[in-house]
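Heads up, the thing below is written out as structure tokens.
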Amino acid sequence: MLEFLDSPRVLHGIYVLGSLTLFVIGLYGLLAKRHLLKILISIAVMELSVYLLFVGLATSPGETAPILSDGLRAFAGMADPVPQALTLTAIVIGMAVLALGASLTIQYHRLTGNADVTAMTELKDS
Amino acid sequence: MALPLTPIWFVALPLLVAFSSPLWARLRLLMPLLLGVPLTLLVLAIALHPLVRTAPLVETIVIAPPLGIHLQLDSASLLLIALIGLASALVAAFLWLGDTEAHLRGRRAFVLMLLLIAGCNGLVLTGDLFNLYVFLEIAGVSAYALSALRQDAPALEAGLKYLIIGSVAAVFFLFAVVLIYLQTGSLSLGAVASSFGEIPGPMQILIGLLMLVGLGIKAELFPFNFWVPDIYQGSHPAVASLFSGILVKAFLFVLFHLVFVLLADPEVIRTWLMGLGAATMLVAETVALRQQDLRRMLAYSSLGQVGLVTLALGFGSEATLAGGLFHLVNHTLVKLLLFLLAALMLRHLLSVRLADLAGLGRVMPLAAGLFVLGALAVLGLPPLSGFVSKLWILKGFAEAQVLWPIALILLAALIEAAYYFRWIKTLYEPRAQMQEGRPLGHWVYAPVVLLAGLLILLGVAPFLVQDLFIEGAQSLLARDVNLEAMLGARP
């Protein structure tokens, strides 16, 4: 009954809808939340939605993982490896930025006792 | 073993030296190397100039055919590379000779500054969209950490704000790159450029908008530049001089490189870019009028100049492009000069607010005098270099019979004059008692005086460098030659 889900068009449509929803959730959190960690999480969610979109749209149903195991030399039916490699790289970069952000937040909180963006008033137009 | 002189060194050398920093720290070579590496890159850039002049130099590092990494060096990117080398060498010399704060002379600052140089060079050189994203993050992360380096509340606040806005920019840029890959199946600039026209229209607009938001935030264009003055105020002025001097310039170059390579007919977005440039210029100059902190004033002035460069480059005729590139170089030199002076004043007086600077001309005559020189160079008065580059831009617009940018540029110069003279007047105000700070050595001024000398030299003898900028403008416009070089390099 659910075979229609296997057609690439429907599947890709679902991926697009899902990842765009995630993107909008991240954007909402970025603009509406005030706690620094929540803002960092929102950015991570936005990044994640882009990765999902990339990997989701670059593969079609029935394709196998782009790994050449021993003795296997044929490329038949394999998903495009480039998006997966790029996504891995991007995940690592995103992780590093997130770690830097979290550590800066912790230091800022230790120093000033707050973690609220609206309370950051050290630098402003005078 | 003879090492070939190829563009890869512009990225590899700073990375190698940065990651072997424990060795240099033990040998007490941090400061000499921080000065030596950018100088070496500058010399290498000059050595490569005759080669690049004949044809763009394309280097492909083959991993496994058809996969490889492309680096492209043409006359325009060579100009930027040389500028990055010169500017970071001058800042390094300032940090070394100036006996600056310990946190700027330590291992962390050393590593981060070299990574920033590597990132900026990579941004300018890369011929591949995903590598562009990676270099954008390398330059970004080192910039966030550099602005938070002092680890007090203002510095951490600046670092956090920069990190948040920078990551958002990176997400938008990544989104655009992903859409381009899904549409064209390629990431190499050459291949993308040749099939970009076949992407359906609405998708082109979406990609363009995402790119514009991502790179607009990074290149500090209106309305995405609300965060800039906070960062420049919170960071150490020497670090801010690097941001204003090389980081923004690298991103501006990337923006226009993409525009000129991807679009067969850049005229479609000419109005948009010029409008953005004009808005950036006018809004920033107007807000700069009422700033009370020298660093914020310089940040807004820097935004105004970025707007002017965008206006000139966006128009896309050969004359305005050459003028825009020249102005870009001038602005780097001027803002380095002014920010480094701000660093000296900050160290001497512990404050750079307008009220506290009154009467500084007595205590620090040389610094005040150089500040006046820098201000006049920003305003574009002869015989300083700002005059020549503004003149080239205005001449370019006049030749094309487009008059509204000329009016706006002159208006912006008037507003600039208003606020710079307010600061100059304060510097020379008579004041009874002035707190005596720590006296500065004579060597502290060496890099700053060198910068001032360069400004005068370029103003008096612009013909020395004229050919460089015209070649740069031509190579930016020569889309076919660039595409051929990039596509031909594919293994």
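Sequence lines set the chain letters: A, B, ... in the order given, protein chains first and strands last, and positions in each chain run from 1.
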**Message:** Would you say B/D128 and B/T126 are linked by a side-chain donor-acceptor pair, where the criterion is simply a distance under 3.5 Å?
**Reply:** no

**Message:** If you take the centroid of each ring, where Trp contributes its six-membered ring, are B/F175 and A/F23 closer together than 6.0 Å?
**Reply:** yes

**Asked** Do you see a donor-acceptor pair shorter than 3.5 Å between the side chains of B/Y419 and B/Q291?
**Response** no

**Request:** Select one option (side chain, backbone, both, neither) describing which atoms of B/I138 are under 4.5 Å from chain A's heavy atoms.
**Result:** neither

**Item:** Aromatic ring proximity, centroids under 6.0 angstrom, B/F130 and B/Y133
**Value:** yes

**Message:** So which residue, B/S167, B/G166, B/A153, B/A145, ends up with the most heavy-atom pairs under 4.5 Å with chain A?
**Reply:** B/A153

**B/F243 CZ to B/E220 CD distance, which is reported to the nearest 0.5 Å** = 9.5 Å

**Message:** Between A/A96 and chain B, with a heavy-atom cut-off of 4.5 Å, which part of the residue counts as in contact: side chain, backbone, both or neither?
**Reply:** neither

**Prompt:** What part of B/A158 gets closer than 4.5 Å to chain A, counting heavy atoms only: side chain, backbone, both or neither?
**Reply:** both

**Request:** Output the option from B/V134, B/V141, B/I164, B/L160 having the highest count of non-hydrogen pairs under 4.5 Å with chain A.
**Result:** B/L160

**Request:** Without swapping roles, check the side chain of A/T112 against the backbone of A/H109 for a donor-acceptor pair under 3.5 Å.
**Result:** no

**Request:** Name the member of A/T87, A/V117, A/D80 that forms the most heavy-atom pairs with chain B at distances under 4.5 Å.
**Result:** A/D80

**A/I39 versus chain B, the contacting section by heavy-atom distance below 4.5 Å** = side chain

**Fill in**
Applying a strict 4.5 Å limit to non-hydrogen atoms, the region of A/L36 in contact with chain B is side chain

**Request:** Report the distance from atom CG of B/L187 to atom CG of B/L129, rounding to the nearest 0.5 Å.
**Result:** 6.0 Å

**Prompt:** Is chain B contacted by the side chain of A/L104, its backbone, both, or neither, given a heavy-atom distance below 4.5 Å?
**Reply:** both

**Item:** Contact origin within A/L111 toward chain B - heavy atom pairs under 4.5 Å
**Value:** side chain

**Message:** Could you check whether B/N225 and B/Y300, counting side-chain N and O atoms only, form a donor-acceptor pair closer than 3.5 Å?
**Reply:** no

**Message:** Under 4.5 Å from any heavy atom of chain B, what part of A/S103 do you find: side chain, backbone, both or neither?
**Reply:** neither

**Message:** Below 4.5 Å, heavy-atom pairs only: which of A/L57, A/L27, A/L40 has the largest tally toward chain B?
**Reply:** A/L57

